[in-house]
Amino acid sequence: MIIIKYICALVFLLTTTSIFGQLKGLTPLSNEVSESSGLAYDGTHLWTHNDSGNRDVLYAIDLENGRVSKKVFPPDTYNEDWEDLAIGDKGTIFISDTGNNDFSRKSLKIYGVLPNADDTQTVLTTTIEFPEDYTTKKGKIKYDVEALIYRNGSFYLFTKTFRNKFKDQTAVFEVPAKNGTQTARFCGTIPLCGKEKNCKITAAAFHQASGQLALLSHKNLWLIPDFDPNALDAITLERYEFEDDSQKEGLCFKNSQEVFISEERNGGSQWLYLLQLKP
């Protein structure tokens, strides 16, 4: 793993600081979550889910052995293409049903769930529509979106691709965290890197106390120490480059200095990792 720091402004400056290291493998993951596509840690449970074509289930993972320790079935939800999780207030877990890799969807959804073992509740359903500038003439959304965070009463979506093309950046959209139909607001873009396979955003995580934002691809993690969606032209990025490019799809903070990362099974083993962030 290589850590590279650079600053996003009108001119992008690359410093010479590089640090080598690697992900710490915690445990192989259960076959039940072979398509682990999002993570959320509530301080007690590490939650995950499978993506499109799978059941509408949240799974709690045992950190010691990677097995499923609990399942909850959120009512009034549908896994069209669940792609990420985010932690909200009072233990709410937000499910990002925003996958759109065939660019056929006209709206996206986010569900807010209180995952109690005996009485799981779905307390929020947000339907997301996009302005005309970001849809086709037939109203289909031009972006595939696999990354979600919750911050100060709003959701932030980070795009993976634009009409099946990668543009060296992720577009950021803000959505009010409210029930009903909401319109996404374009905030700007965050520059990434030039290699399509290595730089498509597959997950995001936000640490509420410190304000840190993390973005994940198969090959990299980008850390923004103090995320401000209204000042994207002046952010500082730290890039952690991994030694392999396995299909890393799940990301969440364990604390302000560590993140969990999960990968999908792709013909072999599938692991849950821990990454120590640079102080």
Side-chain angles (χ1 to χ4, degrees), residues 1 3 23-24 26 29 33 36-49 51 58-61 63 82-89 91-99 110-113 115 145-160 170 172-175 177 187 190 192 199-229 232 235-242 247-264 271-278:
M1 178 183 65
I3 301 177
L23 295 170
K24 177 183 178 182
L26 293 181
L29 287 171
V33 292
S36 173
S37 191
L39 291 176
Y41 184 59
D42 61 12
T44 302
H45 297 103
L46 180 66
W47 297 97
T48 192
H49 60 84
D51 58 15
L58 291 177
Y59 302 87
I61 300 298
L63 296 178
W82 291 5
E83 288 291 356
D84 207 357
L85 298 176
I87 291 287
D89 303 324
T92 305
I93 293 178
F94 296 113
I95 303 170
S96 185
D97 184 11
T98 56
I110 297 173
Y111 301 107
V113 175
V145 181
E146 295 193 5
L148 168 76
I149 66 166
Y150 171 84
R151 176 185 181 274
N152 296 341
S154 293
F155 299 123
Y156 292 89
L157 304 175
F158 302 87
T159 62
K160 181 179 182 181
T170 182
V172 184
F173 289 89
E174 179 184 43
V175 180
C187 299
I190 298 174
L192 299 171
C199 301
K200 292 179 179 179
I201 296 302
T202 57
F206 184 69
H207 190 260
Q208 301 288 343
S210 66
Q212 295 178 98
L213 169 69
L215 300 172
L216 182 69
S217 74
H218 294 176
K219 183 69 174 176
N220 300 281
L221 180 138
W222 290 266
L223 185 70
I224 299 173
D226 189 9
F227 175 63
D228 182 352
L232 295 181
I235 60 174
T236 299
L237 282 170
E238 297 178 0
R239 180 160 68 97
Y240 294 70
E241 185 174 352
F242 307 131
Q247 194 172 343
K248 301 174 187 69
E249 299 271 342
L251 172 70
C252 69
F253 280 91
K254 179 182 180 183
N255 51 55
S256 64
Q257 294 297 314
E258 297 173 302
V259 294
F260 291 115
I261 294 173
S262 66
E263 61 187 1
E264 292 192 11
W271 280 79
L272 174 69
Y273 299 100
L274 188 70
L275 175 63
Q276 179 75 41
L277 302 175
K278 185 177 179 293

**Student:** For K278 and Y240, run side-chain contact (heavy atoms from CB on, under 4.5 Å): C-alpha distance rounded to whole Å, both residues' side-chain angles, the deciding distance at 0.1 Å, then the answer.
**Tutor:** CA-CA 10 Å; K278 185 177 179 293; Y240 294 70; 3.5 Å; yes

**Student:** Work out which heavy atom in L192 is nearest to a heavy atom in C199; give both atom names and the distance.
**Tutor:** CD1-O, 3.3 Å

**Student:** Is there side-chain contact between Y273 and E263, with at least one heavy-atom pair below 4.5 Å?
**Tutor:** yes

**Student:** Using 0.5 Å steps for rounding, measure from the CD1 atom of I61 to the CH2 atom of W47.
**Tutor:** 9.5 Å

**Student:** If we ignore hydrogens and angles and just use 3.5 Å, is the side chain of Q212 paired with the main-chain N or O of S256 as donor and acceptor?
**Tutor:** yes

**Student:** Do K248 and L23 have side-chain heavy atoms sitting under 4.5 Å apart?
**Tutor:** yes

**Student:** How about P115 and H45: do any of their side-chain heavy atoms sit closer than 4.5 Å?
**Tutor:** no

**Student:** Of L216, T202, T170, which meets side chain to side chain contact (heavy atoms under 4.5 Å, CB included) against F158?
**Tutor:** T170

**Student:** Evaluate the side-chain contact (heavy atoms from CB on, under 4.5 Å) criterion for residues E146 and K200: first the C-alpha distance (whole Å), next the side-chain angles of each, then the deciding distance (0.1 Å), finally the verdict.
**Tutor:** CA-CA 9 Å; E146 295 193 5; K200 292 179 179 179; over 6 Å; no

**Student:** Measure across H218 and F242 and return the closest heavy-atom pair with its distance rounded to 0.1 Å.
**Tutor:** O-CD1, 3.9 Å

**Student:** How many angstroms lie between atom CG of L157 and atom CD of E83, to the nearest 0.5 angstrom?
**Tutor:** 12.0 Å

**Student:** Going from CG on N220 to CG on L215, what distance comes out if it is rounded to the nearest 0.5 angstrom?
**Tutor:** 11.0 Å

**Student:** Apply side-chain contact (heavy atoms from CB on, under 4.5 Å) to residues Y150 and T92 and explain how you reach the verdict.
**Tutor:** CA-CA 10 Å; Y150 171 84; T92 305; over 6 Å; no

**Student:** Which value, rounded to the nearest 0.5 Å, describes the distance between L277 atom CG and E258 atom CD?
**Tutor:** 8.0 Å

**Student:** Shortest non-hydrogen contact from T44 to D42?
**Tutor:** N-OD1, 2.8 Å

**Student:** Would you please test I190 and I201 for side-chain contact (heavy atoms from CB on, under 4.5 Å) and show each step?
**Tutor:** CA-CA 11 Å; I190 298 174; I201 296 302; over 6 Å; no

**Student:** Looking at side-chain heavy atoms only, is the closest gap between L39 and L46 below 4.5 Å?
**Tutor:** yes

**Student:** To the closest 0.5 Å, what do you measure between CD (Q247) and OG (S217)?
**Tutor:** 12.0 Å

**Student:** Flag the pair F173 / V145 as yes when at least one side-chain heavy-atom distance between them is below 4.5 Å, and no otherwise.
**Tutor:** no

**Student:** Less than 4.5 Å apart, any side-chain heavy atom of Y41 and any of I87?
**Tutor:** no

**Student:** Within the 3.5 Å criterion, strictly below it, is a donor on T48 or S36 matched to an acceptor on the partner's side chain?
**Tutor:** yes

**Student:** Distance check, rounded to the nearest 0.5 Å: L223 atom CG versus L237 atom CG?
**Tutor:** 8.5 Å

**Student:** Considering the options F206, Y111, F94, which one meets the ring pair (Phe, Tyr, Trp, His ring centres under 6.0 Å) requirement together with F155?
**Tutor:** F94

**Student:** Contact between S262 and E249 at the side-chain level, heavy atoms closer than 4.5 Å - yes or no?
**Tutor:** no

**Student:** Closest heavy-atom contact between Y156 and E174?
**Tutor:** OH-OE2, 2.7 Å

**Student:** What pair of heavy atoms forms the shortest contact from L85 to A40, and how long is it?
**Tutor:** CB-CB, 3.8 Å

**Student:** May I ask you to test the L148-T98 pair for a side-chain heavy-atom distance under 4.5 Å?
**Tutor:** no

